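Here the structure comes first, spelled out in structure tokens, and everything after it is commentary.
Protein chains get the first letters and strands the later ones, always in sequence-line order, with residue 1 at the start of each. Treat the numbers as computed from the prediction; the structure is a model and nothing was measured.
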Amino acid sequence: MKTSKFHLVTNRETPADAEIVSHQLMLRSGMIRKLTAGIYSWTPLGWRVLKKVENIVREEMDRAGYLEMLMPAVQPAELWRETGRWEDFGSQLLKIRDRAGRDFVFGPTHEEVITDLARNELRSYKQLPVTFYQIQTKFRDEIRPRFGVMRAREFLMKDAYSFHIDAASLDKTYWEMYEVYSRIFTRAGLKFRAVHADPGAIGGSASHEFHVLAESGEDQIVFSTGSDFAANIELVEALPPEQERPGPSTDLTLVATPDAHTIEELVKQFDVPVEKTVKTLVVEAAEGSGASFVALLVRGDHTLNEFKAAKLEQVANPLRFATEEEIREAIGAGPGSLGPVKLDIPCIADSSVAVMSDFTAGANTEDKHYFGINWVRDVPMPAVADLRNVVEGDPSPDGEGELRLARGIEVGHIFQLGTKYSEAMNAVVLGQDGKSHVMLMGCYGIGVSRIVAAAIEQNHDDRGICWPEPIAPFQVAILPMNAKKSHRVREAAEKLYTELTEAGVEVLYDDRNVRPGVMFNDMELIGIPHRIVIGERGLDKGLLEYRQRTAPENEDIPLQGALENILDRLGG
RNA sequence: CGGGGCGUGGCGCAGUCUGGUAGCGCACUGCAAUGGGGUUGCAGUGGUCGGAGGUUCGAAUCCUCUCGCCCCGACCA
């Protein structure tokens, strides 16, 4: 491809409303254009990348024997009423109405459609197991779309659904899929990690998320130094501390703390170690628990795991924090002055709080804290539970090694659904025993368009994108220096371009009449992995200049045999 | 959904308080010079100032309504 024939429109300035690097670079390089909130066009440049990702996904799915198909984006409401998700899916479900007033949805996912298809198509266990997949545009009406295609409303997704006669078969396909996903992300050139995830919401037993590792990731993932344990932080158990609770060594004192309403202020103003402080979070109590609110106690340097808290039987699910007014009404003091001593609402302490002694917490009186609090002596030991998020260095729940934290971008998710949809929609087959069996299902998603953004988050520098070769829009850029004046340069560039193109390489030949600096900057911005510079200087010595996008220096390569030389470097 | 902010050429912005009929940088077009890291000069193109209504001799600017976009939001008291 020659730049003169391509639609290359780059931008020097960073658009004001792009917050994260991938969004900025995708806009500046001209890969995407926003049509409206959370909805983007992919320009020819962006589309090349998206297709590369899509093709890797498709090839690996095909290789595994899964069957590609295409389902409707617009689906009748009846199907969604059948599974209850017309109501349950929430406000993210885009509902539309046709001319005759019938309700439809624009599919955010396709469990209903595939299950409907399966109950009509599949009659016998002999047809199982079978896995269908599609690569299709989905729409989820995100409350707050942001970060470009990272969290868009309209996005490209690969979704696959498997059908089974029994749990063993489902399990087999599930782990097969796990391997297929690993191959896909590896092939795309991404650093990723598969972690245990919560299967709860969708129902079913096993579930893994695949995360591309990147500083800017929205998810916190956790893994062990001593084993292959890895999970989303939501799920990771904090093991109870091994040491005993030390006995009291200080007296309980009530201290005026008019300017300390946060743990941070308390620590700063009174020189207490943060590990000796306790914060008290007030949440709504579960219905029928006999109380309106429950206080949760976490060490000052820890954070509450809302996921764990919501699962406690005393706590309302979903979790809801009390408002400041509610707190004042129930306790008589505002947030910032709360603590377990003389607290008359039920209280649950994190297991690390239970082994604290001589600690500091609010006094439930405005602007006062107690110092030197000790369990039993000053206040009875409350119920104890695992409430906090794990931190770096905690022991791994499997007893092997310590935990490390990393940030990730969720790009894939696999679930064992079981019979949630097949039962609701009566998707059954005849088994070997001649009886009807509800099929078991698995579902497996990959955010194709999100991978593009995630790849940039993971692979960029201050000049622009550094595409992993397998998903780069072009493999090689040819930059002729002063081609306007130099026949030799032009000829050498044309020749190399033709040879590479004929060898099946995707080349972007910059034949614009622009200054070298413009070429360098554009090619680096759009992230082409390999660059060949052709100039009079080099030609005099029979040399071309080669540079890998992330390499610090140029490398001379002989003009003689340049084609082979370059071909050898590709794919590396 | 609540809170805040912003809509002025493709992009980034000024002008709005204090009404007088639209401006800067980048990009784009033409010419010339330059020719190994966003070069320079000259000359240009492009905007019903988000939309509707109102006030006024006169509205980007004031008033009312409306639409859109962005950010923050029970994140630890």
Side-chain angles (χ1 to χ4, degrees), chain A residues 8-20 23-24 27-28 30 33-39 43 90-91 141 143-148 218 220 233 257 260-267 274 277-284 293 295-307 309-310 316 318-328 331 333-339 350 361-362 364 366-367 369 387-389 463-464 479-486 489 510 512-525 531 533-539 544-545 547 554:
Chain A
L8 185 66
V9 183
T10 57
N11 225 167
R12 201 184 311 206
E13 278 161 288
T14 302
D17 54 4
E19 281 205 288
I20 59 170
H23 189 197
Q24 293 171 352
L27 289 170
R28 283 189 53 206
R33 297 296 179 212
K34 182 169 81 174
L35 181 64
T36 183
I39 301 183
T43 65
S91 56
D141 202 355
I143 305 165
R144 189 139 94 83
R146 54 184 141 172
F147 306 149
E218 286 194 278
Q220 187 86 66
I233 196 165
T257 54
H261 293 281
T262 66
I263 293 289
E264 205 183 329
E265 289 164 352
L266 194 65
V267 166
V274 70
T277 62
V278 164
K279 58 188 169 196
T280 306
L281 287 353
V282 180
V283 300
E284 189 177 14
F293 297 103
L296 305 176
L297 306 181
V298 203
R299 220 169 72 182
D301 55 333
H302 287 155
T303 58
L304 180 71
N305 182 315
E306 298 187 15
F307 203 77
L319 191 74
R320 189 182 70 82
F321 280 86
T323 63
E324 184 164 346
E325 296 77 62
E326 286 171 335
I327 291 172
R328 289 189 187 282
I331 299 171
S337 303
L338 304 181
D350 180 64
N364 303 319
E366 205 61 31
D367 300 336
H369 277 76
L387 292 178
R388 69 179 175 95
N389 284 315
R463 294 173 174 281
L479 277 56
M481 296 294 106
N482 198 13
K484 191 183 179 190
K485 293 256 175 77
S486 170
V489 166
D510 202 343
R512 295 175 296 179
N513 181 25
V514 294
R515 310 270 303 191
V518 176
M519 292 185 188
F520 289 130
N521 282 311
D522 276 349
M523 295 303 137
E524 282 162 350
L525 175 62
R531 180 181 84 192
V533 174
I534 302 177
E536 290 269 3
R537 266 173 10 198
L539 290 179
L544 303 177
E545 284 164 42
R547 181 135 155 197
N554 286 337

Below 3.5 Å between N/O atoms, which protein atoms pair up with nucleotides 66-68 of chain B? Just atom names and distances, please.
none

Closest to side chain of [X], choosing from [options]:
| X | options | answer |
| --- | --- | --- |
| A:L304 | B:G35, B:C1, B:C76 | B:C76 |
| A:R146 | B:C71, B:G12, B:C75 | B:C71 |
| A:R144 | B:C70, B:A74, B:G73 | B:G73 |
| A:V518 | B:C76, B:G38, B:C1 | B:G38 |
| A:D17 | B:A74, B:C69, B:G36 | B:C69 |
| A:M481 | B:G35, B:G36, B:C72 | B:G36 |
| A:K484 | B:A74, B:G36, B:U34 | B:U34 |

Item to check | Positive for side-chain contact (heavy atoms from CB on, under 4.5 Å) with A:M523, one of A:T10, A:V533, A:L479 | outcome: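 Only match with A:M523 under side-chain contact (heavy atoms from CB on, under 4.5 Å): A:L479.
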Checklist entry - With a centroid cutoff of 5.5 Å and a plane-angle limit of 30°, would you call A:F520 stacked on B:G37? => result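 It does: the two rings, one from A:F520 and one from B:G37, meet the stacking criterion.
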Got a donor-acceptor pair under 3.5 Å from the side chain of [X] to the base of [N]?
| X | N | answer |
| --- | --- | --- |
| A:N482 | B:G36 | no |
| A:R531 | B:G37 | yes |
| A:E524 | B:G37 | yes |

OP1 or OP2 of [N] under 4.0 Å from side-chain N/O of [X]:
| X | N | answer |
| --- | --- | --- |
| A:R12 | B:G12 | no |
| A:K34 | B:C70 | yes |
| A:R388 | B:C76 | no |

Next on the checklist: Taking atom CD as the centre, does A:E536 end up with more than 12 heavy-atom neighbours from other residues, nucleotides or ligands that are less than 6.0 angstrom away?
Outcome noted: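 Enclosed: over 12 neighbouring heavy atoms sit under 6.0 Å from CD of A:E536.
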Next on the checklist: On RNA chain B, compare the nucleotides closest to A:D522 and A:P145; which residue's is nearer the 5' end?
Outcome noted: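 Looking at RNA chain B, the more 5' nearest nucleotide goes with A:D522.
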Checklist entry - Does A:R28 or A:E264 map to a spot on RNA chain B nearer the 5' end, using the closest nucleotide for each? => result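 Mapping each residue to its closest nucleotide by heavy atoms, the 5'-most match is A:R28.
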Checklist outcome for this item: Per-nucleotide protein contact along nucleotides 2-10 of chain B, 5' to 3', at a 4.0 Å heavy-atom cut-off (B base, S sugar-phosphate only, - neither), is ---------
Checklist entry - Is it the case that A:R547 and A:N554 place a side-chain donor and acceptor less than 3.5 Å from each other? => result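 A:R547 vs A:N554: donor-acceptor pair found between side chains.
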